[in-house]
Amino acid sequence: MPDPMADPVPVPREARRALEAVLMVAEEPVDPQLLGQLLEVAPSRVEELCAELAAGYEAEGRGFALVRVAGGYRYQSHPDAAPYVERFVLEGQSARLSGAALETMAIVAYKQPISRAQVASIRGVNVDGVMRTLQQRGYIDEVARDPGPGQAVLFGTTRAFLERLGLDSLDDLPSLAEFVPGPEVLEALEHSFRVEPAATNGAAPAGPPDDQP
Amino acid sequence: MPDPMADPVPVPREARRALEAVLMVAEEPVDPQLLGQLLEVAPSRVEELCAELAAGYEAEGRGFALVRVAGGYRYQSHPDAAPYVERFVLEGQSARLSGAALETMAIVAYKQPISRAQVASIRGVNVDGVMRTLQQRGYIDEVARDPGPGQAVLFGTTRAFLERLGLDSLDDLPSLAEFVPGPEVLEALEHSFRVEPAATNGAAPAGPPDDQP
Amino acid sequence: MAYDVQTAVFEGPFDLLLHLILREQVELYDVSLTAIVDAYLGEVERMEGVDLEVATEFVLIAATLVELKSRRLLPGDEGVDLDDELALWEERDMLLARLLEAKTFSDAARALAALADDAGRSYPRVAGLEERFAALAPDLLEGVTPADLRAALARATTPRPVPRVDVEHLAPIRASVTDAVAELVDELPRVGRIGFRSLTAALVERLEVVVRFLAILELAKQGVVDLEQADTFGDIEVIWRGEGAAHDRPLLVDLTASVDVYDG
């Protein structure tokens, strides 16, 4: 196969590397303005660099493309490879929400409208990825803006969510009042108050550490 | 700047395109088995193709890398571009782990499956809070129940743990044998814990056992 | 006594002991145990809130050290029970093994931290599917019921129980101080409830006080006495519960289980 371009990427190495790295990890299209700030070049230069990069990928027959969409640049799969991506979506994606994702879903359902940061603070972890997936799947959506200083985006559940769960309205969500703590909660509480010794041999004594996990 | 490789990607165009496209839309490392299924080639062939692709990116000085981690392949930003990416990813996604968290994680990693009580016994401190934090952050999870009388919950590390450490599998953990203290440490400890009783009253090693400093 | 333990944050008794022995090269038997206890209490005070597990673990280890030390101070071999002697060796070996294990994992943790630091310089691509493929994706809520959702919320919002210092249960410690135990079992049923200070007022030697203390801890572990301490450094109340008491209640699995490690 002849190489279509002897030197496919005339973009300066450092700038190209920075652009490729940032665009690779970005979750949304990145504004050229912001890219310019990161690279310390003018936005117009960013546009040039991105156009050259995109042309390079196309010439090399890559499976991904760098496109300008929604006011910014992002990587996406090349249209020619769509059949593979479709098969991947159908065959490769896990068809169930993980426990963590379900918890996030539940928090939004019961506490809406709620900001991403509020969900994160309840879960104690970053929830950006999960929230994005839930939004992509149409279960949650932006419903309002926090009137406070940050003007944070507030999320709520969608009609599709209600349909999937067979609910008529949010009022049909099971009431929390009748919730009884599970055994693990009671156990945890008990442990924190009672520390009596067990007469059994509990933990294995500390022999020489095992080599293998 | 001369191009390091005239034909940087000897991988067949179609297979390369499919791989690049699928990996670009994946949210998690993709199992070579699944990739093989999509491309209709053997998983071992997928490994070859990915290795060649990865070497190609590296040789071309790309800002992204194709790596094998947590049992699959994924794109990630190149470590050399870290300064740019860090400026872009405003909230430090990978907040540093505390010493307590790391030690607890190490014990779980090497001794899994292991109960909370066993971890506490090795660390000599209550680990409930740390274990819960690690579980919330997704690095450890409940993997089984002790068949013994207490039916204690047993914990193990997760895929996210492997990803956090950049490991492909638990086999890639450094061998625990490397960390077993050397003879000089053992000697120092033993020296401190001599048990021989003072045979006579001569040369008593210390005053009363509980004298004030 | 020049230990400076003000600089590092210690993660528990093993950490502190290792520090004292290895980094400070302290000859434990040549110094006062009080100094070690003080150093430790200083650490505990700097922690946010005292953790009962931490405190208990340290008392346990301190008791072993006291016993090791007292044994060395006893003249000659006469009167030393061979079983006790073996038990003591076992305890010493156990303590050594645990310290070695603690050190092994603290070094392993450092290696993991280095791996995490390296890996942390790269960020994964997580952008996911483009919109045009979203319709193909399987329904993630398949099989999820409203009740599942409520249970998930409960899991997510359950507060972590805050560890509480409960001095009443301080002390599940065993020490091979058989004679003192026998005396106490004879004495305590008659008085029912007595302060530790009164209980030891007649004793002359500090060592005797220490041994009595260990004996009381042993009784507490067996559940025949209860201990109460109203405030830090306050007098410890010893309450006789009776020898049958230990069997009247269900045994709870001890969190650390480490206590059992020291059983002879």
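All heavy atoms count here, side chains included; hydrogens, waters and symmetry mates do not. Per chain, numbering begins at 1; letters A, B, ... match sequence-line order. None of the values given here were measured: they were computed from a predicted structure.
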Worksheet entry | Under 4.5 Å from a heavy atom of chain B, the part of A:A26 involved | both
Worksheet item: Quick one: what part of B:V108 sits under 4.5 Å from any heavy atom of chain A, side chain, backbone, both or neither?
Response: neither
Practice prompt. Might you point out which heavy atoms bring A:R62 and B:E60 nearest each other, and give the distance in Å?
Written response: NH2-OE1, 3.3 Å
Worksheet entry | Chi angles and distances behind the side-chain contact (heavy atoms from CB on, under 4.5 Å) call for B:F88, A:L35 | CA-CA 9 Å; B:F88 174 69; A:L35 289 170; 5.9 Å; no
Item to complete: Could you please spell out the steps behind the side-chain contact (heavy atoms from CB on, under 4.5 Å) verdict for B:Y57 and A:E20?
Response: CA-CA 11 Å; B:Y57 296 147; A:E20 287 183 330; over 6 Å; no
Item to complete: With a 4.5 angstrom heavy-atom cut-off, could you sort out which part of A:A100 is near chain B: side chain, backbone, both or neither?
Response: neither
Worksheet entry | Contact winner vs chain A - B:T157, B:V22, B:L38, B:D146, heavy-atom pairs under 4.5 Å | B:L38
Practice prompt. Can you tell which part of A:E40 gets under 4.5 Å to a heavy atom of chain B, answering side chain, backbone, both or neither?
Written response: side chain
Worksheet entry | For chain B, which residues of residues 66-81 of chain A have heavy atoms nearer than 4.5 angstrom | A:Y75, A:Q76, A:S77, A:H78, A:D80, A:A81
Worksheet item: For the atom pair CD (B:E27) and CD (A:Q136), what is the distance rounded to the nearest 0.5 Å?
Response: 6.0 Å
Worksheet, complete the sentence: Turns out that what part of A:L34 lies under 4.5 Å from chain B's heavy atoms comes down to side chain
Discussion item. For the CD atom on B:Q151, are there more than 12 heavy atoms of other groups (residues, nucleotides or ligands in this structure) within a distance under 6.0 Å?
Written reply: yes
Practice prompt. Output, in order, the C-alpha distance, side-chain angles, deciding distance and verdict of side-chain contact (heavy atoms from CB on, under 4.5 Å) for B:R87 and A:Q37.
Written response: CA-CA 10 Å; B:R87 258 190 275 164; A:Q37 279 171 23; over 6 Å; no
Worksheet item: Who wins among A:L39, A:L23, A:V25 for the most heavy-atom pairs under 4.5 Å with chain B?
Response: A:V25
